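Everything numeric in this text was worked out from a predicted model, so none of it was measured. The residues of the chain are indexed from 1 along the displayed sequence.
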Amino acid sequence: MSLLSVRPLRTAALAGVLGSLLLGVSPAVAAAAPILTSSGLTANVKGYEVTAVTTVRSNVSTTVEKFGVCVRGANKLNVDFVKAQNARVTPTGTTHTAKQTLAPGSYNYWTCAYDEGVWLTLDKARPFVVTVPDPTVVTTVDTKMPTGDLPGWKQVFTDDFTTDAAAGRFDDVYKNKFSSYHNFVDSFKAGTYNSDILSVKNGLLDMFLHTENGRPQVAAPAPIVTAPWQGQTYGKFSARFKSDALPGYKVAWLLWPDSNQWNEGEIDFPEGGLNSKMWGFNHCVDNPAKNCSWADTQVSFTGWHTVSIEWTPTRVTFLLDGQVVGNDTRNIPHTPMHWVLQTETSSPRPVTQNGHLQIDWVSVYTYVQ
């Protein structure tokens, strides 16, 4: 049962009624104050993505400054969904749907509205829980490289690595399809980017991560979708890969601004130490030192996995083996970015173990409106 919320009479209307009474004039019948009610409140949790739906009605048609779903975590902090703004609400009802990514935990949610300086609670709070996906659950995924367009996406780049390339020859054999970082230090300044550690054999791109002359050798190939180090605005970026569990090494496969202006945003998935678990991070536009959203998949880098970033004008979504593990509808970059399979050291500490990261295929799509 929805709770009724009655707004007070507008100040001007109330003053008119009082003035008429003082003058001995029979006042006109004041318009009924809108009464808001709600129904159909639901929250659907899929991985870290929560979709909430609610319908708000008014006994008379009115415009409400804000309405939607309020959310409060167990830590008592509000993490509300984006609300409808200046929405027309009628007796038949106005439905609002919103999505957001939330960290694992327990939450309460309810329909709320804000109008004439007052927050209104339109129904009783109810709970939902966001849990870390079970890494032992195996999802059936097509392991072949996808070919052709998908609904909402136009395929513009693929590589199944069918042409062999010996170590030291990757840049020559694949010069029309990939650029690579080469001969400069990585993020922690512990490793050196070296495209010579890349090779292709038996349909796999291999990164031989190892120490040479006391320096870890790392790599960062970048698909050439439009031009070297130039990308696109929005897209879907997918790869199938696996890695040895290598302490001291990490991946941060990222979308990076073509302008090299970090404040335009940065999207990383997967990211994490190769002896640890996969994370996803969406850095805040205009404040990129902060992550506006993140996903902890609890899935290791060993074993074959398919990862995707989907970037549209309204969302950034991370998919692992076909399942959504992160979704952000609030912090969206809107300038061209290019995809770099950045694989590097994870700290300034010495690295002693050698091993391999292998990529089966990569695929890139543009967004179709």
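Closest non-hydrogen pair, V218 versus G191, comes out as CG2-C, 4.4 Å. Across all their heavy atoms, F170 and S180 have their closest contact at CE2-OG, 4.1 Å. Between L36 and L120, the shortest heavy-atom distance links the atoms CD1-CD1, 3.9 Å. Closest approach of L357 to L274, counting heavy atoms only: CD1-CD2, 4.2 Å. Pairing each heavy atom of P270 with each of F241, the nearest pair is CG-CZ, 4.0 Å. Taking each heavy atom of G265 and M337 in turn, the nearest pair found is O-CE, 3.4 Å.
For F178 and F161, the distance between ring centers is under 6.0 angstrom.
Side-chain contact annotation: H96 with T54, donor-acceptor N/O pair under 3.5 Å absent. Using a 3.5 Å distance cut-off with no hydrogens or angles, the side chains of E344 and Y193 do pair a donor with an acceptor. Checked by atom type, the side-chain pair Q217/T211 shows no donor-acceptor distance below 3.5 Å. D123 and T111 are linked by a side-chain donor-acceptor pair at a separation below 3.5 angstrom, with hydrogens and angles left out of the test. At a cut-off of 3.5 Å, with distance as the only test, a side-chain donor of S308 or S238 sits close to an acceptor on the other residue. One side chain, R57 or S39, offers a donor N or O that lies under 3.5 Å from an acceptor on the other. Using modelled atom types and a 3.5 Å distance limit, the side chains of R72 and N108 yield no donor-acceptor pair. Checking T51 against N44 by side-chain atom types alone, no donor-acceptor pair falls below 3.5 Å. Residues H283 and D268 bring a donor and an acceptor atom of their side chains to less than 3.5 Å of each other. Using a 3.5 Å distance cut-off with no hydrogens or angles, the side chains of T335 and E264 do pair a donor with an acceptor.
Looking at W339 and L254, their side chains never come closer than 4.5 Å, going by heavy atoms from C-beta outward. Residues M278 and V307 form a side-chain contact, since some pair of their non-hydrogen atoms from C-beta on lies under 4.5 Å apart. The closest side-chain heavy-atom distance from M207 to P221 is below 4.5 Å. Considering only heavy atoms from C-beta on, V340 stays 4.5 Å or farther from W253 through its side chain. For the pair V364 and Q232, the minimum side-chain heavy-atom distance is below 4.5 Å. Counting only heavy atoms from C-beta outward, the side chains of N183 and N194 never approach each other to under 4.5 Å. Contact check for D244 versus Y249: no side-chain heavy atoms found under the 4.5 Å cut-off. At a threshold of 4.5 Å between non-hydrogen side-chain atoms, the residues Y367 and W311 do not count as touching.
Placement of L198 and W229 within a single hydrophobic cluster is found when ILVMFWY residues are connected by side-chain heavy-atom separations under 4.5 Å, directly or transitively. Both V225 and L205 are members of a single hydrophobic cluster when ILVMFWY side chains are connected at heavy-atom separations under 4.5 Å. The hydrophobic clustering, which links ILVMFWY residues whose side-chain heavy atoms are closer than 4.5 Å, places V129 and F81 apart. Note on I224 and L255: separate hydrophobic clusters, where clusters join Ile, Leu, Val, Met, Phe, Trp and Tyr whose side-chain heavy atoms are under 4.5 Å apart, directly or indirectly. Y365 is connected to V156 through a chain of hydrophobic side-chain contacts under 4.5 Å among Ile, Leu, Val, Met, Phe, Trp and Tyr, so both are in one cluster.
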(message) Evaluate T147 against Q155 for side-chain hydrogen bond (donor to acceptor under 3.5 Å, both in side chains), listing each step before the verdict.
(response) CA-CA 8 Å; T147 56; Q155 193 170 51; 5.6 Å; no

(request) Decide yes or no on ring pair (Phe, Tyr, Trp, His ring centres under 6.0 Å) for W279 and F318, but give the supporting numbers first. (result) CA-CA 10 Å; W279 288 71; F318 303 138; over 10 Å; no

(message) Pair F269, F281 - check ring pair (Phe, Tyr, Trp, His ring centres under 6.0 Å), show working.
(response) CA-CA 7 Å; F269 185 66; F281 297 98; 9.7 Å; no

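The backbone N or O of A190 sits less than 3.5 Å from a side-chain atom of D186, completing a donor-acceptor pair.
A salt bridge links D172 and R169; the closest N-O separation between the charged side-chain nitrogens and carboxylate oxygens is under 4.0 Å. Ion pairing between D164 and K201 fails under the 4.0 Å rule for side-chain N and carboxylate O.
Sparse packing is recorded around CH2 of W294, with 12 or fewer heavy atoms of other residues, nucleotides or ligands lying under 6.0 Å away. Within 6.0 Å of CZ in R88 there are more than 12 heavy atoms belonging to other residues, nucleotides or ligands.
Judged by the 6.0 Å and 45° rule, K66 forms a cation-pi pair with Y114. Seen from the ring of W304, R240 counts as a face-on cation partner, given the 6.0 Å and 45° thresholds. Seen from the ring of F157, K177 counts as a face-on cation partner, given the 6.0 Å and 45° thresholds.
Interatomic distance, CE of M145 versus CG of D160, reported as 4.5 Å (0.5 Å rounding). Interatomic distance, N282 CG to C292 SG, rounded to the nearest 0.5 Å: 7.0 Å.
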